[in-house]
There are 2 protein chains.
Amino acid sequence: MSTPSITAAAHVRPTSATIADVAAVAGVSVATVSRALAGNYPVAAATRERVQHAVASLNYVPNANARALAGATTRTVGIIINDVADPFFAYIARGVERQASADGRLCLIMATNGDKERELALVDLLRERRTDAVILVGGASDDPAYRKQMAARARALDADGSVLVLCGRPSLGPGVPTKMVAYDNEGGAFAMTDYLISQGHRRILYIGGPSNFSTTASRLAGFNRALAARGIAEDPALVQQGAFGRPFGYTRMKEILATDLDFSAVFAANDVVAAGVLQALEEQGLRVPDDVSLVGYDDVPMANELRPRLTTVHVPLEDMGREAVRLGLADFSHDAGASSDDTLTVGTHIIIRDSVKPRS
Amino acid sequence: MSTPSITAAAHVRPTSATIADVAAVAGVSVATVSRALAGNYPVAAATRERVQHAVASLNYVPNANARALAGATTRTVGIIINDVADPFFAYIARGVERQASADGRLCLIMATNGDKERELALVDLLRERRTDAVILVGGASDDPAYRKQMAARARALDADGSVLVLCGRPSLGPGVPTKMVAYDNEGGAFAMTDYLISQGHRRILYIGGPSNFSTTASRLAGFNRALAARGIAEDPALVQQGAFGRPFGYTRMKEILATDLDFSAVFAANDVVAAGVLQALEEQGLRVPDDVSLVGYDDVPMANELRPRLTTVHVPLEDMGREAVRLGLADFSHDAGASSDDTLTVGTHIIIRDSVKPRS
DNA sequence: AAAATCGTAGTAAGCGGTTACTACAAAATC
DNA sequence: GATTTTGTAGTAACCGCTTACTACGATTTT
């Protein structure tokens with residue numbers, strides 16, 4: 001780097017100017033510097049100016065770690081998602097970052113890649129950081145052992161004066177101290193399925209999403225409820241679970257096309273799966289929507305770039321992220337007494353584009 | 001939350017167990033607890049076990065802020081990007097998160113939304129946090145005042161024992177202590193332009209990217225060099241700068257189509273702009289690639305979902321993020337003496353898909 | 001003019017860790 | 001048996017800030 005040390009010099013970690021240095025230069029006490037900078041205590045104008053000069057001349061910035069240790073907050077929120085580059089998570093993360101930033105917070109982000117053990121470990125890492133809130137995003141496993149462990153962490157965070165916010169995932173059970181921002185997975189799936197049925201489709205293939213995963217379960221529940229409401233029997237062959245992700249949609253659709261399964265529409269568990277399904281269909285010479293209708297879920301930007309443009313369920317991802325932060329920081333807000341609600345549900349609605357046609 | 005306080009109770013900030021609590025429970029000194037946990041100093045097996053029991057029973061996790069204050073590192077890297085949800089940045093961020101995580105670091109992420117004042121402020125915020133490295137991603141303004149200010153921050157970070165890593169943006173000048181991971185913008189644009197020319201295109205419209213922005217400048221330079229190499233004169237009317245982003249591509253293309261400008265191919269400054277251009281072309285009844293050829297830059301996943309699938313320049317975004325972290329943490333690695341190189345350039349190459357046809 | 005009030009600034013006790021230095025049995029060496 | 005070495009563990013001094021408490025000259029009040 002810029003300052004090559006003399007060969008014989010012992011390794012000395014370079015350190016920045018401290019508040020004591022500023023105090024020395026300004027000729028005041030450290031308390032005065034702290035106050036001049038914080039502005040929460042009267043300091044004479046002339047003194048304040050001397051301090052500011054010293055700060056500038058030393059290129060001083062306060063040490064946030066020391067500040068966090070002495071003060072009451074780290075001014076940080078943590079967010080745990082599946083994958084930083086997956087648009088579903090990225091849009092929620094954008095909302096989190098924007099709201100956190102608006103609240104003067106910085107944002108620690110980390111990815112689990114779908115590994116629930118790792119998720120637990122990451123929550124612990126965030127607990128070490130003493131973040132003001134930790135936000136857990138996206139569907140969760142329903143494994144009881146895992147749920148128990150996560151509940152324990154929720155209690156620990158609560159005891160530490162932090163909050164665990166669940167964003168788009170189910171409750172950890174009654175009495176477990178968490179806040180939640182939920183969205184209507186079941187209702188969105190119901191509405192979409194009902195729409196497909198209204199277009200004359202009766203054999204609808206539901207594809208994607210891990211089984212025993214909260215998001216999948218809700219969407220599937222809405223799907224089945226819509227079927228039942230219209231008096232259509234469930235057919236296990238028409239429900240193909242497995243994973244989220246484009247490759248899954250592509251591969252599983254290919255496999256199905258190799259069988260003689262009969263269906264006129266496909267409900268993909270999310271838009272990304274739908275993209276994979278679309279490719280498989282295309283490669284088989286099947287046209288969407290003329291030969292088969294296709295819908296997705298989430299309404300990520302890609303849905304609008306696919307051809308045909310994908311009919312899907314809109315989920316206000318960025319808003320969810322914002323709300324998660326609001327909920328998490330509610331205790332820090334001005335009127336600390338005001339008890340905000342602990343859970344908030346955002347709505348979903350279907351967006352009709354070009355990928356569905358009435359069954360001929 | 002879970003433990004509603006009794007109405008009259010004074011507000012007491014809940015605090016977590018400390019190392020002193022653990023020491024008391026285990027019946028040892030705090031030093032012993034610290035050592036048992038760090039494992040960098042011999043502790044009798046029996047003692048270690050008592051400590052571990054105490055830790056478990058108290059649900060103790062060490063306070064990372066205190067640790068950072070007393071120790072030498074925060075085990076954190078900071079990354080500053082334009083937009084969390086933009087795939088270009090999201091993929092780089094994914095690389096950063098993954099490598100940081102592999103190195104036992106957490107990742108502070110923040111977005112500038114393209115505001116360079118904000119970018120400067122964010123670097124200061126990161127300096128306060130004493131992160132091990134701060135990574136600045138994406139093209140930068142060439143405004144001299146801005147560059148001067150950023151250079152000052154690079155020096156400050158260096159003096160603090162941190163590093164400023166520039167990822168995909170030009171140097172701040174000789175002597176400014178930074179590390180860099182660069183990619184060959186100029187070369188990629190040259191190769192792509194040359195390819196278009198080889199397909200018979202001579203009037204190529206270059207569209208998108210802010211002027212006086214490093215990324216645009218390099219891509220445009222490659223574009224012009226390819227033209228020159230083939231003896232084609234530059235035509236100012238064929239260079240349409242302005243911004244990145246889908247809306248810009250759409251709007252500007254619409255405007256151009258309202259004129260009688262002649263061109264047979266469009267080189268969009270990036271894939272997202274290309275998506276907007278594609279829509280404008282479509283709406284005008286122009287078919288790609290039959291009526292006009294279209295190419296992009298970056299090779300984000302969306303490029304492969306467009307129809308026609310977009311021919312574009314591949315940039316190894318995730319790798320760039322990983323390398324930025326490697327470079328930034330190089331001083332922390334095992335053999336601290338080994339001076340790794342301060343700058344690294346990753347290659348780009350063109351990906352031929354379906355959006356270009358030879359000019360008829 | 002004495003007393004009370006006000007505006008400013010300093011002193012020092014934490015916050016929760018790490019680690020250099022010291023202490024002291026038990027084991028090894030002479 | 002006396003001395004040195006070794007293995008463990010304790011003491012206490014930081015790291016860089018915030019803030020309760022104290023101090024004190026200048027105004028006001030009585």
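Residue numbers begin at 1 in each chain, while the letters A, B, ... track the order of the sequences.
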Point to revise | Residue that, paired with Arg129(A), satisfies side chain to side chain donor-acceptor pair (under 3.5 Å) out of Asn63(B), Thr76(B), Asn65(B) | key: Thr76(B)
Review point. Excluding sequence neighbours, so at least two apart, what forms salt bridge (charged side-chain N to carboxylate O under 4.0 Å, His left out) with Asp83(B)?
Key: Arg94(A)
Point to revise | Residues which pass salt bridge (charged side-chain N to carboxylate O under 4.0 Å, His left out) with Arg98(B), listed by chain and number, not counting sequence neighbours | key: Glu318(B)
Check your understanding: Which of these nucleotides, dG16(D), dC17(D), dA12(D), is closest to any side-chain atom of Leu69(B)?
Key -> dG16(D)
Exercise for review: For DNA chain D, determine which residues of residues 34-56 of chain A have any heavy atom closer than 4.0 angstrom to one of its atoms, and list them numerically.
Suggested key: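 Within residues 34-56 of chain A, the residues near DNA chain D are Ser34(A), Arg35(A), Asn40(A).
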**Study point:** Partner residues of Asn82(B) under the side-chain hydrogen bond (donor to acceptor under 3.5 Å, both in side chains) criterion, sequence neighbours left out
**Key:**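 Result, side-chain hydrogen bond (donor to acceptor under 3.5 Å, both in side chains) vs Asn82(B): none returned.
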Exercise for review: Only counting residues at least two apart or in another chain, list the ones meeting side-chain hydrogen bond (donor to acceptor under 3.5 Å, both in side chains) with Asn59(A).
Suggested key: Arg127(B)
Check your understanding: Which two nucleotides bound the region of DNA chain C that has atoms under 4.0 Å from heavy atoms of chain B, read 5' to 3'?
Key ->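 Result: dG16(C) to dC21(C).
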Can you name the residues that form a side-chain contact (heavy atoms from CB on, under 4.5 Å) with [X], not counting sequence neighbours?
X        : answer
Gln99(B) : Ala102(B), Asp103(B), Arg322(B), Val325(B), Arg326(B)
Ser29(B) : Ala31(B), Thr32(B)
Val30(B) : Ile19(B), Ala20(B), Ala23(B)

Practice item. Kindly say whether Arg130(A) contributes a backbone atom to a donor-acceptor pair with the side chain of Thr74(A) at under 3.5 angstrom? Key: yes
Exercise for review: Sort and list the pairs that fulfil salt bridge (Lys or Arg N to Asp or Glu O under 4.0 Å) and have at least one residue in residues 147-157 of chain A, not counting sequence neighbours.
Suggested key: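 Output for this query lists Asp124(A)-Arg153(A).
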Check your understanding: Can you list every pair that meets salt bridge (Lys or Arg N to Asp or Glu O under 4.0 Å) and has a residue in residues 112-122 of chain A, with sequence neighbours left out?
Key -> Glu119(A)-Arg169(A)
Check your understanding: At under 4.0 Å between heavy atoms, what does Ser29(A) touch on the DNA or RNA strands: base, sugar-phosphate, or nothing?
Key ->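 Here Ser29(A) touches the bases of the nucleic acid.
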Protein-nucleotide distance ([X], atom [atom1]; [N], atom [atom2]), rounded to Å:
X         : N       : atom1 : atom2 : result
Arg129(B) : dG16(D) : CZ    : P     : 18 Å
Arg75(A)  : dC17(D) : CZ    : C1'   : 15 Å
Glu128(B) : dC17(D) : CD    : P     : 10 Å

Exercise for review: Note down the inter-axis angle between the two ends of the helix from dA1(C)-dT30(D) to dC30(C)-dG1(D), five pairs each, to the nearest 10°.
Suggested key: 50°
